[in-house]
Amino acid sequence: MSLSTKYSPSEVEGKWYKHWMDKGFFHSEPNPAKEPYCIVIPPPNVTGVLHMGHMLNNTIQDVLIRKARMEGKEACWVPGTDHASIATEARVVAMLREKGIKKSSLSRDEFLKYAWEWKEKYGGIILEQLKKLGASCDWERTSFTMDPHYYSSVIRVFVDLYNKGYIYRGLRMINWDCEANTALSNEEVLYKEDGERSVLYSVRYKIKDSKDYVIIATQRPETIMGDVAIAVNPSDERYKKLIGKKVLVPFINREIPVIADDYVDKTFGTGCLKVTPAHDVNDYEIGLRHNLQVIDTLNDDGTLNEKCEIPKFYGKDRFVVRKEMVKDLREAGDLMKEEEFITRIGRSERTNTVVEPKLSLQWFVKMKEISRKAYQSVEEDEIKLHPAKFKNTYRHWMENVRDWCISRQLWWGHRIPAYYAPDGTFAVAETEAEAHKILKSQIPNLKSEDITQDPDVLDTWASSWLWPIEVFNGFSDEYFDDVKGKINVAKNKELAYYYPTNVLVTAPEILFFWVARMIIAGYEYMDQKPFGDVYLTGIVRDKQGRKMSKSLGNSPDPLDLITNFGADAVRTGMLFSSPAGNDLLYDEKLVEQGRNFANKIWNAFRLVKGWEVDSSLSQPEENKTAITWLESKINQSLAELEDHFGKYRMSDALMSIYKLIWDDYCSWYLEMIKPEFGKPIDKVTYDKTVSFFETLLKALHPFMPFITEELWHGIKDRQENDCIIVGSWPKAGSSINNSILEEGSIAFDLIAQIRNARNAKG
RNA sequence: GGGAGUUUAGCUCAGCUGGUUCAGAGCAUCUGCCUUACACGCAGAGGGUCGGGGGUUCGAAUCCCUCAACUCCCACCA
């Protein structure tokens, strides 16, 4: 037999993946005779291509799902993608810009047509790449967060939460890009690391009916006309007597009160703060506490409007006005001091313009009450986080949970189902017709063509938080009880069977964005947690500990790696050094180690396969000893393996089987029973050796699915349905002969002796 | 600024409720070997006052205090 000394993964991987698919091994249906084991994939962005983070994440999921499948469970891994509103919209806008098309020149429908085309073209790439990794997903169940049924589920949930009183419309400071004329999410606002130089101006305000002044410090004199109060710290002796007095705003002489608020820092500037609720987040909140007026002096494009009350500034850019204000203040003798200082200024990621805090109407979910059960369930270990340290982080977030702003000023996403009459009255309903009906009861002569739908879409997470329920169609008409606002679980066979899912494998940075919210939605709609365990992976970094990123160019292309080393090698490479919650410092050496391991197994196979068996030979005594020893060793290691799996210690689990195969099976056992060159082996030993091999291949299969399947079929003739992927998971036997495993014991020494003799001979 | 976490061999990490598998593993390193399964390999070897300091204890990598360094999350200062 002439098999290459090098294992070549490319020749076997595609073949087996196809075989598994053809045989339907990935597909799962509710089966009362079997225990379910379900994982829903964290849906990657449709914009995405596979990166190293996905590799780690999905390898872990595949390992878990394959093991469950072998354990005879009904294993179901649901794949899919996320529409990722911000990221995708940005991508499509960029693509259009390259073609010379401006988003602003398109209608909403035209833009969405482009977006869908884009999605159809690129949205499936990442799933195809997952197949190369060996991911054994139930592809028939692939979902997308903007599939028609998913879309209507999201809308239905919005309406339901609105009717339950959890959703409200309120004012909120958002980041506004004056150049692009759009709102930005916090993620799109960048700060320079060392801050930026700016000037702090000290301006005096006259105290009404007095000759005295009060001096305040500001970076933004152009907002002075929006001032509605001066705030001081209540414990500040310097200003106590001023509290309650009136002060005049320079130039416009508006009377504003001096108020006391703990927010004010006595040590900064003069200890007096001018309060401009329309142009600063904190000021806005002070305004709320003290019932202050909001005077918004800015237009959307960053110019001043007539609310500033100074006609010469109307229509002028805020930075021009700043300069002029400084000049005017100086001339009036009201500018007391100008000092340079370093401050952090937010700039738009897209246009680099200074971001303006802007007050606008947004939609919110009230979080306090709806999240109570989600808080408790993690607290009480009903849901377990791995590693457990994240429980602290989770608790901290839950205890300080803020209302969730779910509206986004974008087009790609689920459009908010709120409909407005011309006078601003609105109704929330699943369809425009229903909304019209509701509105008509208040405005009898309202025509349907006069109502308009809210232009905004929902935050991406406001769709993906339904993922573990929606992928099983939980919100469709058949199962959703809109009177109770609950899902009738008993009617939905799949939810009844697969939900709660077993484990969620995801990155810690989305613990709040996604994981916490899925838990909330689970209790709200299913009265039940969405999953029992949460495995939080680390971040994949490069050798120097830097995050992998496109701009650094330090991320290898996973598909190249698979081509060069094989999927099995890449999978084990990812797992060799990544305990839960720890960052993985990626080094190609790890993948090489995986490849070397595959090669080692391949050569063990070549050795065993090459032996000639003579059934007339009697079994040598020392082979008997070797067999008893290995049997004990295997049982011991399998027990260890199981323990590691139970604790989600994937690296340790892999290391157990790695050492068992390399050290114990290859280096010790095979060397001991190996017949002399050219001589046959007795049948008893041979059969036992093959059966050990099978056991080891099975235990390794979740980690290295391809080579194990290949050798499973190579070591013995088998039917095409007799595949290792559906083979039986090896259980640790009870026969652990500890005395034989202990160094120093008589038996162990005997084995060592035999081995040493063999080595010496070689 | 608020919170959490980490610090054990050159690197990545195990070490559960303090005491004979407590100083471990893999990789890397060094020394021999191209021995008909495998040099993507074999056989062997070296390497750490468990971040610093203090304390509790008969006894601490393991518990307490303190200092230092690093990481992450959240909020952001007129």
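Chain letters run A, B, ... following the sequence lines, proteins first and then strands; every chain starts at 1.
To the nearest whole angstrom, the two P atoms, one in B:C73 and one in B:C11, are 25 Å apart. A distance of about 38 Å separates the P atoms of B:A43 and B:U6, rounded to the whole Å. Annotation: B:C77 and B:A4 have their C1' atoms spaced 23 Å apart (nearest Å).
At whole-Å resolution of the value, CE in A:Met655 and P in B:C13 are 13 Å apart. In this structure, CH2 of A:Trp602 is placed 13 Å from P of B:C38, rounded to the nearest angstrom. For A:Lys337 and B:A78, the NZ to C1' distance is 14 Å, given to the nearest whole Å. Note: CD (A:Glu671) to P (B:U36) measures 12 Å, nearest angstrom. Residue A:Asp265 contributes atom CG, which lies 16 Å from atom P of B:C76 at whole-angstrom precision. The distance from atom NZ of A:Lys589 to atom P of B:U12 is 14 Å, rounded to the nearest whole Å.
The side chain of A:Phe677 has B:U36 as its nearest neighbour among B:A78, B:A43, B:U36. Nearest nucleotide to the side chain of A:Leu273, out of B:A78, B:C76, B:C42: B:A78. Among the nucleotides B:A43, B:G26, B:A37, the one closest to the side chain of A:Asp663 is B:G26. Taking the side chain of A:Tyr658 as heavy atoms from C-beta on, and the options B:G26, B:C38, B:G3, the nearest nucleotide is B:G26. Of the candidates B:A43, B:A78, B:C74, the closest approach to any side-chain atom of A:Tyr263 belongs to B:A78. Distance from the side chain of A:Lys659 is smallest for B:G26 among the nucleotides B:A28, B:G26, B:C40. Listed nucleotides: B:C38, B:A78, B:C76. Nearest to the side chain of A:Gln219: B:A78. Taking every side-chain heavy atom of A:Asp652 into account, B:A14 is the closest of B:A37, B:A43, B:A14. The side chain of A:His396 lies closest to B:G2 when the candidates are B:G26, B:G2, B:A78.
The pair A:Asp236-A:Arg238 meets the salt-bridge criterion, with a side-chain N (NZ, NE, NH1 or NH2) lying under 4.0 Å from an Asp/Glu carboxylate O.
The glycosidic torsion of B:U20 lies more than 90° away from 0, placing the base in the anti range.
Residues satisfying the side-chain contact (heavy atoms from CB on, under 4.5 Å) criterion with A:His396, sequence neighbours excluded, are A:Asn400. Every side chain to side chain donor-acceptor pair (under 3.5 Å) that A:Ser656 has, sequence neighbours left out, goes to A:Glu640, A:His644.
The shortest distance between the side-chain N/O atoms of A:Trp662 and the OP1/OP2 oxygens of B:C27 is not below 4.0 Å. Remark: A:Asn392 is not in phosphate contact with B:G3, judged by side-chain N or O atoms under 4.0 Å from OP1 or OP2. A sub-4.0 Å separation between OP1 or OP2 of B:A78 and a side-chain N or O of A:Tyr284 is absent. Taking only side-chain nitrogens and oxygens, A:Lys609 never comes nearer than 4.0 Å to OP1 or OP2 of B:A37. OP1 or OP2 of B:G15 has at least one side-chain nitrogen or oxygen of A:Arg649 nearer than 4.0 Å. Contact check, A:Lys6 against B:A39: a side-chain N or O comes under 4.0 Å of OP1 or OP2. When the side-chain nitrogen and oxygen atoms of A:Asn400 are compared with OP1 and OP2 of B:C74, none of them lie within a distance under 4.0 Å.
As judged by a 4.0 angstrom heavy-atom cut-off over every strand, A:Phe512 is placed among residues touching the sugar-phosphate backbone only. Looking at heavy-atom distances under 4.0 Å, A:Val275 makes no contact with the nucleic acid at all. Among the heavy atoms of the strands, none lies under 4.0 Å from A:Cys272. In this structure, A:Tyr7 reaches neither bases nor backbone, as no heavy-atom distance under 4.0 Å exists between it and the strands shown.
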Applying salt bridge (charged side-chain N to carboxylate O under 4.0 Å, His left out), run through A:Lys589 and A:Glu592 and close with a yes or a no. CA-CA 5 Å; A:Lys589 284 244 167 73; A:Glu592 276 176 30; over 6 Å; no
As a quick check of understanding, evaluate salt bridge (charged side-chain N to carboxylate O under 4.0 Å, His left out) for A:Asp227 and A:Arg254, giving each step before the final call. CA-CA 9 Å; A:Asp227 288 354; A:Arg254 177 165 54 234; over 6 Å; no
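Side-chain polar atoms of A:Glu399 and A:Tyr375 form a donor-acceptor pair below 3.5 angstrom. A donor atom on one side chain and an acceptor atom on the other are found under 3.5 Å apart for A:Lys274 and A:Thr223.
For the ring pair (Phe, Tyr, Trp, His ring centres under 6.0 Å) with A:Trp465, the lone residue among A:Phe512, A:Trp514, A:Trp404 that qualifies is A:Trp404. None of A:Ile601, A:Leu711, A:Asp568 except one satisfies the side-chain contact (heavy atoms from CB on, under 4.5 Å) rule with A:Tyr7; the exception is A:Asp568. Exactly one residue among A:Ile634, A:Asp664, A:Asp687 makes a side-chain contact (heavy atoms from CB on, under 4.5 Å) with A:Phe692. That residue is A:Ile634.
One cannot find a donor-acceptor pair under 3.5 Å joining the base of B:A28 and the side-chain atoms of A:Gln593. Judged by atom type and distance alone, A:Lys600 reaches the base of B:C38 through a side-chain donor-acceptor pair under 3.5 Å.
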How does RNA chain B read in dot-bracket, base by base from 5' to 3', with Watson-Crick or G-U pairs under 3.5 Å and | used when the partner is on another strand? (((((((..((((.....[....)))).(((((.......))))).....(((((..]....))))))))))))....
